[in-house]
2 protein chains.
Amino acid sequence: MNTTDNSRQALMDATRGLVLTRSYGSVGIAGICERAGVRRGSLYHFFPGKEDLVIATLEALYTEFTAEVLEPALRGPGGLRERMAAFVGAIHAFQARMQAAEGRLPGCPFGSLAVETGTQSPRLREAMQGHLDAIRAQFRAALDAAVAHGELDARTDTARLADHWLALMEGILLMARAEQDADTILRLAPALQDLLLTTHPDGDAP
Amino acid sequence: MNTTDNSRQALMDATRGLVLTRSYGSVGIAGICERAGVRRGSLYHFFPGKEDLVIATLEALYTEFTAEVLEPALRGPGGLRERMAAFVGAIHAFQARMQAAEGRLPGCPFGSLAVETGTQSPRLREAMQGHLDAIRAQFRAALDAAVAHGELDARTDTARLADHWLALMEGILLMARAEQDADTILRLAPALQDLLLTTHPDGDAP
DNA sequence: CCTTGCGTTTACCGACTGGTCAACTAGACT
DNA sequence: AGTCTAGTTGACCAGTCGGTAAACGCAAGG
């Protein structure tokens, strides 16, 4: 029952709830501390500053997201189609849950923060990019498994396709956040199926 | 040589340059006015406040974007493939030009602002959504033309496909902004071709 | 008992935020 | 000349920003 990390964890929890549904710039340390039940000064005992607090929070979120959403869905039962359906379902559930809890639909925190802070906080942007790269790598692993299983053409450029997958997923989550409607994810999900499960012509047509 | 609208236009120009490459929250009226060469108080003679200034600026940007990029590309010569290539090329050129001029790659201003202000400024978000809806409608018109011309299957659900097109485009521009690299657009553009120019299965497989 | 040091508290800082306001200028109209 | 008004100006406002620092509480260890 070490109280040492209680405040630290409370700060990260508060930061997560606020920064996901609002934005980096519009969340102040005053709001974070109030929500965490911690005095302002204490924040600076655990973190050098706001930027580091947010980076640590999203680092934890990425770890959680990988372990609880990405891995289970993309390594789950069935073929690529079933795994993608599980993936979309898990994302949708998470977004809907956040919207119910916080009143706001977060979209993809890594993408949103990378965009917002891309021109202001290089450290934060690099951290987000790292997470996006890691997610893309897991997409690719799922595609490689589908190739190995014969579901996708052996000549499939899985790196390229994973790149497209991530871009489309970011677009879907951006639209969902813009519309503040979790069902947008379900509405656009078929695009993912179309992109990943149809045979692609080899380069440009003559 | 009416000086009446000089300040107003200067404010909008400055706002465009700043808000596209940074973000709504991180741009202050002080910076806008300094860049526009206008005193702070004058801003409030032309606009009720920052929010209205930004809305007006993006309204003008949308008009310009439609007239100079969207319409020429999507109604240009050739079939859907050529028009899409022109569209991608125009977007890429615009992003690269902005990056050269401002040092920052903007991505899609409407999408970025819709995401950032979605939870804070309902008016701004609704304005951005309106622009996104209008863009989507123009995508659909281009797809309808392709159907009429026999390039796409007559059974194609063009509304749905335009929806997917916009989502993917937003994702591509988000990735480009996150990476601050215009070539990301060219790298991901083939996904658009794959999404729009391959035959799609009618719904889910049995 | 007394020190050590982690965690906490609180008052405070300068910089900056968007926005207000009354005074002022200059050109157009009477 | 006198008036009117669109436009301009700079001082000013209350509030918030992220961050600092000194003092304090308190449990562990000598």
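Lettering of chains follows the sequences in order, A, B, ..., and the numbering in each one begins at 1. The analysis underlying the following values was restricted to heavy atoms, covering all of them including side chains, and did not include hydrogens, waters or symmetry mates.
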State whether [X] places a side-chain N or O below 4.0 Å from either non-bridging phosphate oxygen (OP1 or OP2) of [N].
| X | N | value |
| --- | --- | --- |
| B/Arg39 | D/dT8 | no |
| A/His45 | C/dG7 | yes |
| B/Ser7 | D/dT8 | yes |

Residues which pass side-chain hydrogen bond (donor to acceptor under 3.5 Å, both in side chains) with [X], listed by chain and number, not counting sequence neighbours:
| X | answer |
| --- | --- |
| A/Glu126 | none |
| A/Glu151 | none |
| B/Arg40 | none |
| A/Glu68 | none |

### 5'-most by nearest nucleotide on DNA chain D - B/Val38 or A/Glu51
B/Val38

Contact list (N/O, under 3.5 angstrom) for nucleotides 20-28 of chain C vs protein:
none

What is the distance, to the nearest angstrom, from the [atom1] atom on [X] to the [atom2] atom on [N]?
| X | N | atom1 | atom2 | value |
| --- | --- | --- | --- | --- |
| B/Arg8 | D/dT8 | CZ | P | 12 Å |
| B/Leu43 | C/dT17 | CG | C1' | 14 Å |
| A/Leu124 | D/dG18 | CG | P | 14 Å |
| A/Phe46 | C/dT9 | CZ | P | 10 Å |

### Query
Which residues within residues 9-34 of chain A lie with some heavy atom under 4.0 Å of an atom in DNA chain D?
A/Val27, A/Gly28, A/Ile29, A/Ala30

### Message
Under a 3.5 Å distance rule, please check whether B/Gln129 uses its side chain to pair with a backbone N or O of A/Ala178 as donor and acceptor.
### Response
yes

Below 3.5 Å between N/O atoms, which protein atoms pair up with nucleotides 22-25 of chain D? Just atom names and distances, please.
none

### Query
Taking NZ, NE, NH1 and NH2 as the nitrogens, is one of them in B/Arg177 or A/Glu170 under 4.0 Å from a carboxylate oxygen of the other?
no

Can you list everything that forms a salt bridge (charged side-chain N to carboxylate O under 4.0 Å, His left out) with [X]? Sequence neighbours excluded, please.
| X | result |
| --- | --- |
| B/Asp157 | none |
| A/Asp181 | none |
| A/Arg35 | A/Glu102 |
| A/Arg140 | A/Asp144 |

### Task
Could you list the residues that satisfy side-chain contact (heavy atoms from CB on, under 4.5 Å) with B/Arg187, not counting sequence neighbours?
A/Arg136, A/Asp163, B/Glu179, B/Thr184

